[in-house]
Structure formats: structure tokens, C-alpha cells
Chemist: 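To start, I am sharing the structure in question, which I have written as C-alpha cells.
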Amino acid sequence: MSSQDEQVEQRRANLAELARLGVEVYPRTFDRRDAISDLVARHGERTHDELEADRTETATAGRILAIRSFGKANFLVLSDGRAKIQVYIRQDSIPALDFTIFKLLDFGDWVGVEGRLFRTKTNELTIWASRLHFLSKCLLPLPEKWHGLTDVETRYRQRYLDLIVNPDSRRVFETRSRVVAAIREFMTARGYLEVETPMMQPIAGGAIARPFTTHHNTLDMDLFLRIAPELYLKRLTVGGMEKVFEINRNFRNEGISTQHNPEFTMMEFYEAYADYQALMTMTEVLISSVARQAIGTDQITFGDHAISLAPPFTRLSLRAAAREAASRRLAREVTDADLRQRDTAADLARLLGLDVAAGHGAGKITTDIFEALCEDRLVQPTFVYDFPTEVSPLSKQKPDDPDTVERFELYIGGFEVANAFSELNDPAEQRRRFEAQLKDRALGDLEAHQMDDDYIRALEYGLPPTGGEGVGIDRLVMLLTNRPSIRDVILFPLMRTRD
RNA sequence: GCGCCUGUAGCUCAGUGGUAGAGCAUUCGACUUUUAAUCGAAUGGUCGUUGGUUCAAUUCCAACCAGGCGCACCA
């Protein structure tokens, strides 16, 4: 018999013995008066004498993370997932049945205790138990107490084990929750209305990405999981909802990496009468105040880097960034004109070792150069602004430069955290952009945007001047919790099934 | 999709072409303020899977499975 089978059998036997003794082994409730983390917060700093003077009685509960037995005197360590407290169990201080229950406990079981707080000789805050209540059984052996669980595959597949034994992991997800709450509060306080738009869409629009497909049986209709809520949110702005936001999942059928999970969370928002300049200013305030609210500071450590999220953020035009990086790399003067001419831009890209596809124009090539040379160097918060029109089918052109749109991306820690633009609201121009995308699609670009006639129709009813933005929540949480992989900030990242 | 790396006890990890190792966990024993408790003893393995080479494979080789990292794609 394997070690695991043996341990499970032993635990089952202990459970059966409890039942034989008449103990309710899966009781319905427990009258917990205090959470362990509250006890530690309230009494963690109080001295032995103060505790003795009070004789503070409590009833608390948690999972057993350690059992230290000395025969007639014993210690349990209980956890509520956030804090731990020690329990002292003396044979002569609790009823005989409770002591028998204690002897049948296993590492990982859930118990409730009643007793009074004191400090041991070694000054550990401890509950001197007067009663012990069995609450639930842990039938499988838990990971070891000292090294914990480090195998990343098990941590992702069996997140509950990770949460039981790795308090850091628990803290990451508590921070994530605070980040989302802070964003919601920030937006709501500024008069944005939170809305929910379809996750199942007949046309997957609003981004350049390959979608997942699904099917509705009764309607006998193929549908896409959304790649972005953008086109629906702007329809709401057409409808007169001037400030809207949505925090929800997007699904993109593309590669998986430390920065990409097939489903990820975005906060996307739209504001009538705002343009991309206004959004830059708002984004600085949003990021820094969410950081302060969620982790108490806007000065963070990410890997080897110290990053300041305090405004103002650096602003850098995309073409200037690509031009300067290419000039440095090639040790020769690269001009704005070089990047705007398809032929010279393509030559530069090839010199830089980049593949140039036949259908790619100067704008796409310039963006490729930027991404290859600049992206991972943008560690301090940086707005990269003024994108080529070619790669931005939903953004409004600059009045004096039709090849450039009013768009920015925010980079922090070497990756993109936000993407925003002044929204294209001219339906005729939007139709032309979609048609250009359809040409790319015909050439085999599976990520090119599809035509959306209803969206064009909505624009024909009139979209006011509007600014819109998407903020990647997972990546923001990575930065604020100093995690190198997006899987560390998603409770159940997508994994291949086993067996 | 490509490249590199990893897979040995429940957990964390050593290791070897010739009967498989440690710590923790588990079981038994001692112990009424310990805290990685300690001390004594014991149990626990299809060495990811399937093939191949070999007298002999956990070890060498190949394919496959799962994962990590990097590249590509992308946010």
C-alpha cells in the first residue's frame, strides 16, 4: 500500500472511530464568536498580565496546521486562512470525550475550540481550550509544513492546497479583490455607471484577436465569446449613457504565456466629451490611487525594479520611440519620413531582423519595430501615444495627420497595462476602416476585425466625441503583488486536462 | 508552433547501468508551556507513460504525456 493510501486509510479510521463514539462528524454549524484573524488583531499585542486580568473567553474555529503532542499536554495550530493561533489542550482541562476527539485528529481537520486567551512561557498568544468541537475531516494528507507546496503545476491545478499552505498566495488574491473594489469605487465616485454587455456575441469585435466559437442550440446559431466589450459600450454612449464602465472577462484564442491567459479581466470605460489626452491624465490618477488604496503605496517593487506609480507618467510618441530605438540599434539616423514610407520602413525592419509580411504597411511595420525594440524597456509608467491608423481601426485620426490616430497605450514593468483612444465616430470612415480590415482578413489575417453593420448603424445615429480605455486587471495585479506570471494572479488559470 | 529545462514516497529534494535514499508527514512508544518540539523504533516507491539498447534500465536512447522558462502570436 502506498504512503498516501495508508494515510488516507488511517484518517478514515479516525473518522469512523469518532462516529462510533457518537460524535457528529459533519455538524451543520458552529457558533464561532471570533475569527482567528480578529483575535490576533485584537489581542496580538497584549501582554500576559493584561490577558490574565481579563480572562478573555472566546469560541473560534479553523483548520489544523500543526499538532504538537506531549502526552497529556498538547498544542494545535489553527488557521482561518489569514492568521494562525495556537490552542493549548490539557487532558485535565477538557471533558474526557473532547480529549478522545483530540487524539483522533489529523493535520488538516477543521475544529472549533472554546477557551480563554493566555500567553505561554514562550510568550505565544494561545487559547487554553475548555471544549473542542470536531467540524470536518481532512481525508487526504496535506503538503509539508516547512517547505509548503512549491510545485507550480499543483498550485494552479489544486489552488485550494496552495491557499491552505501558502499564505502569500492568499494575500495575492486578497489584494486582487481590493484592486477591483478600488477601481469600482474610483469609477463610481466619478459618475460612471457600471454596466454588463454580452459575453456571447454574433460578431467578435472591438479588438484585433482570434475568438473562441460556441453554439446556441435552440437558436441554432454560432456565437463568439467576446474579445472585447468595446462596440457594445459605445452603443450605450450612442444611447446617451455618457459615462459607462464594465469589469469583466475577455476571451482570446491565442498564445498562453506569463502575460497571457485565454480568459482575462479588463476594466473598460467610455466617457462622452473626453479625448485621449483627458484619459491620460485620468489614468495616472486611477493607477496611483488604486495602488494606494489596495496596497497602501504607489511605490512598488516589480522583480528587480523599483517603480513609482506616482503621476505624472512619462509620455512618448510611438514613432519617436521607434525612431530613436532604431537609430541607436542601427547606429545611423532614422527619420520620421523613413518610418512613414512603406519601402524604407520595411528595409529598416529587415535590418533589425524582423519579418515583414507582404500585407503590412508602414504603420504596422513601425509598430512592430516599437514592440521589438522598446516594449520591454518601458519599466517606469510610460504613455506611448499617437499610433499608426493602420493598426487602430476604431480610433479617431489626428486632425492634421490622417496616418496617425489619437491613441495611447500605458506600459509599466515592460508590458502593456492599458490601451485608450479618442473614439472614431464618423460612420463613413469607420466603414472604410472595417473594409480595410476585411482585405487583411481575405489575405489570411485571422485577427483582422470583422464588419459590424449594426455598429456602423449605431454610429449613424451619432456617437458624441468620446474617449474610451481598457485596463488589464490581471497585469495591474501582477504589478501590485510583484508576481512574474499572470497565472499567479488568476485563481484557476487554464491548464490542459490530465488523464 | 519552435527551443531549453523538469517529472524519484503524501510534501520538499538527493542519487545510481547491478536489491531505491534523506528530512517532514504517517504508525507505535516516551513526555503536562511546545512552536520546523524532541528522543527511540517502524511503515511507505510501477523512479511520468510506452517502446528500444543491454546479461541487467529508475539511470543510456526514442517517442509520447504533463508542467516551467524563453521565442513566436497577443493584451
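Letters A, B, ... are given to chains in the order of the sequence lines, protein chains preceding strands, and every chain is numbered from 1. Please read these numbers as outputs of a predicted model, since none were measured by experiment.
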Chemist: If you take any heavy atom closer than 4.0 Å to RNA chain B, which residues from residues 60-96 of chain A end up in contact?
Modeler: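 A/R68, A/S69, A/F70, A/G71, A/K72, A/A73, A/F75, A/Q86, A/Y88, A/R90, A/D92 - these, ordered by number, are the residues of the stretch whose heavy atoms sit under 4.0 Å from the strand.
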
Chemist: Stem list for RNA chain B, please, built from Watson-Crick and G-U wobble pairs under 3.5 Å and keeping only runs of at least 3.
Modeler: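 Only these stems qualify: B:1-7 with B:65-71, B:10-13 with B:21-24, B:26-30 with B:38-42, B:48-52 with B:60-64.
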
Chemist: Between residues 352-386 of chain A and RNA chain B, which residues have a heavy-atom gap below 4.0 Å?
Modeler: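 None - not one residue of the stretch has a heavy atom sitting under 4.0 Å from the strand.
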
Chemist: Are the aromatic rings of A/H48 and A/F118 close, with centres under 6.0 Å apart?
Modeler: no

Chemist: Is the phosphate of B/rU26 approached by A/R12 (side-chain N or O, under 4.0 Å from OP1 or OP2)?
Modeler: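 No.
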
Chemist: Any pair with a residue in residues 109-130 of chain A that passes salt bridge (Lys or Arg N to Asp or Glu O under 4.0 Å), sequence neighbours left out, goes on the list, sorted by first then second residue, please.
Modeler: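 As it turns out, the salt bridge (Lys or Arg N to Asp or Glu O under 4.0 Å) pairs with a partner in residues 109-130 of chain A, which skip direct neighbours, are A/E52-A/R116, A/D109-A/K137.
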
Chemist: Just verifying a value: how many Å separate A/I94 CD1 and A/Y88 OH, rounded to the nearest 0.5 Å?
Modeler: 11.5 Å

Chemist: Can a donor-acceptor pair be found between the side chains of A/Q158 and A/Y156 at a distance below 3.5 Å?
Modeler: no

Chemist: Between B/rU8 and B/rG45, how far apart are the two C1' atoms, rounded to whole Å?
Modeler: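 Comparing C1' positions in B/rU8 and B/rG45 gives a spacing of 8 Å.
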
Chemist: Do the charged groups of A/D368 and A/K364 touch, with an N to O distance under 4.0 Å?
Modeler: yes

Chemist: Report yes if the side chains of A/M267 and A/F245 come closer than 4.5 Å at any heavy-atom pair, otherwise no.
Modeler: yes

Chemist: Between A/S3 and A/Q7, is there a side-chain donor-acceptor contact under 3.5 Å, judged purely by atom types and distance?
Modeler: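 Result is yes, a qualifying pair exists.
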
Chemist: Please determine, by modelled atom types, if A/D386 and A/T404 share a side-chain donor-acceptor pair under 3.5 angstrom.
Modeler: no

Chemist: Can you find a side-chain donor-acceptor pair between A/S37 and A/D80 that sits under 3.5 Å?
Modeler: yes

Chemist: When the P atoms of B/rC55 and B/rA41 are considered, how many whole Å apart are they?
Modeler: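 Looking at atom P only, B/rC55 and B/rA41 are 43 Å apart.
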
Chemist: What is the distance, to the nearest angstrom, from the CZ atom on A/F118 to the C1' atom on B/rU34?
Modeler: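 Rounded to the whole Å, the gap is 10 Å.
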
Chemist: Using a cut-off of 4.0 Å on non-hydrogen atoms, how would the nucleic acid contact of A/Q10 be classed: base, sugar-phosphate, or nothing?
Modeler: sugar-phosphate

Chemist: Counting only heavy atoms and a strict 4.0 angstrom limit, can you tell me which residues of residues 145-157 of chain A come near RNA chain B?
Modeler: A/K145, A/W146, A/H147, A/G148, A/L149, A/T150, A/D151, A/V152, A/E153, A/Y156, A/R157

Chemist: With RNA chain B as reference, determine whether A/W128 or A/P141 sits nearer its 5' end, using the nearest nucleotide of each.
Modeler: A/P141

Chemist: Checking side-chain polar atoms at under 3.5 Å, does A/E271 have a donor or acceptor matched by the opposite partner on A/Y192?
Modeler: yes

Chemist: In whole angstroms, how far is the P atom of B/rU32 from the CZ atom of A/F102?
Modeler: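 In whole Å, B/rU32 P lies 13 Å from A/F102 CZ.
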
Chemist: In whole Å, I'd like the distance from the CD1 atom of A/I164 to the C1' atom of B/rG10.
Modeler: 13 Å

Chemist: Nearest-Å distance, CD (A/E124) to C1' (B/rA36)?
Modeler: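 Roughly 13 Å, once rounded to whole Å.
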
Chemist: If you only use heavy atoms from C-beta on, which nucleotide in B/rA75, B/rC69, B/rG10 is closest to the side chain of A/R487?
Modeler: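 Closest nucleotide to the A/R487 side chain: B/rC69.
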
Chemist: Hey, are A/E406 and A/S422 close enough side-chain-wise for a donor-acceptor pair under 3.5 Å?
Modeler: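 Note: A/S422 and A/E406 side chains meet the donor-acceptor criterion.
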
Chemist: Rounded to whole angstrom units, what separation is found between the CD1 atom of A/I486 and the C1' atom of B/rG68?
Modeler: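 Taking CD1 of A/I486 and C1' of B/rG68, I get 16 Å after rounding.
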
Chemist: So which nucleotide from B/rU27, B/rU12, B/rA75 ends up closest to the side chain of A/D106?
Modeler: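 Selected nucleotide (nearest to the side chain): B/rU27.
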
Chemist: With a 4.0 Å cut-off on heavy atoms, is A/L140 in touch with a base, just the backbone sugar-phosphate, or nothing at all?
Modeler: nothing

Chemist: Answer yes or no: does a side-chain N or O of A/R496 lie under 4.0 Å from OP1 or OP2 of B/rG67?
Modeler: yes

Chemist: Roughly how far, to the nearest 0.5 Å, is the CZ atom of A/F251 from the OG1 atom of A/T213?
Modeler: 13.0 Å

Chemist: Can you tell me the distance, in whole Å, between the CG atom of A/L104 and the C1' atom of B/rU27?
Modeler: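 Roughly 14 Å, once rounded to whole Å.
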
Chemist: Would you say the ring centroid of A/Y411 lies under 6.0 angstrom from that of A/F370?
Modeler: yes

Chemist: Taking atom CZ as the centre, does A/R159 end up with more than 12 heavy-atom neighbours from other residues, nucleotides or ligands that are less than 6.0 angstrom away?
Modeler: yes

Chemist: Can you tell me, in whole Å, how much space there is between the C1' of B/rU50 and that of B/rC65?
Modeler: 10 Å

Chemist: For B/rA25 versus B/rG17, give the span between their C1' atoms, rounded off to a whole number of Å.
Modeler: 33 Å

Chemist: If the condition is side-chain hydrogen bond (donor to acceptor under 3.5 Å, both in side chains), which residues does A/R407 pass it with, not counting sequence neighbours?
Modeler: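 Checked A/R407 against side-chain hydrogen bond (donor to acceptor under 3.5 Å, both in side chains); matches are A/S392, A/E409, A/N419.
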
Chemist: Can you find an N or O donor on one side and an acceptor on the other, under 3.5 Å apart, linking the side chain of A/T120 with the base of B/rU34?
Modeler: yes

Chemist: For nucleotides B/rA20 and B/rC61, find the distance between their C1' atoms and express it as a whole number of Å.
Modeler: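 The answer is 23 Å between these two C1' atoms.
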
Chemist: Using the P atoms only, state how far B/rC71 lies from B/rU19, rounded to an integer number of Å.
Modeler: 45 Å

Chemist: Is there a donor and acceptor pair, one atom on the side chain of A/Q7 and one on the base of B/rG44, closer than 3.5 Å?
Modeler: no

Chemist: How far does the C1' atom of B/rU46 sit from the matching atom of B/rC5, given to the nearest Å?
Modeler: 25 Å

Chemist: Could you state the atom-to-atom distance from CG of A/D445 to C1' of B/rA72 in whole Å?
Modeler: 15 Å

Chemist: Would A/N14 and A/D106 count as a side chain to side chain donor-acceptor pair (under 3.5 Å) if you check the C-alpha gap in whole Å, the side-chain angles of each, and the deciding distance to 0.1 Å?
Modeler: CA-CA 8 Å; A/N14 287 342; A/D106 289 296; 3.0 Å; yes

Chemist: Which is true for A/Y411 with a 4.0 Å heavy-atom rule: it touches a base, it touches only sugar-phosphate, or it touches nothing?
Modeler: nothing

Chemist: For atom C1', what is the distance between B/rA62 and B/rU53, given to the nearest Å?
Modeler: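 Those two atoms are separated by 11 Å.
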
Chemist: CG of A/L142 versus P of B/rC24: gap in Å, rounded?
Modeler: 18 Å

Chemist: Counting the atoms with a prime plus P, OP1 and OP2 as sugar-phosphate, which does A/M495 contact under 4.0 Å by heavy atoms, base, sugar-phosphate, or nothing?
Modeler: sugar-phosphate

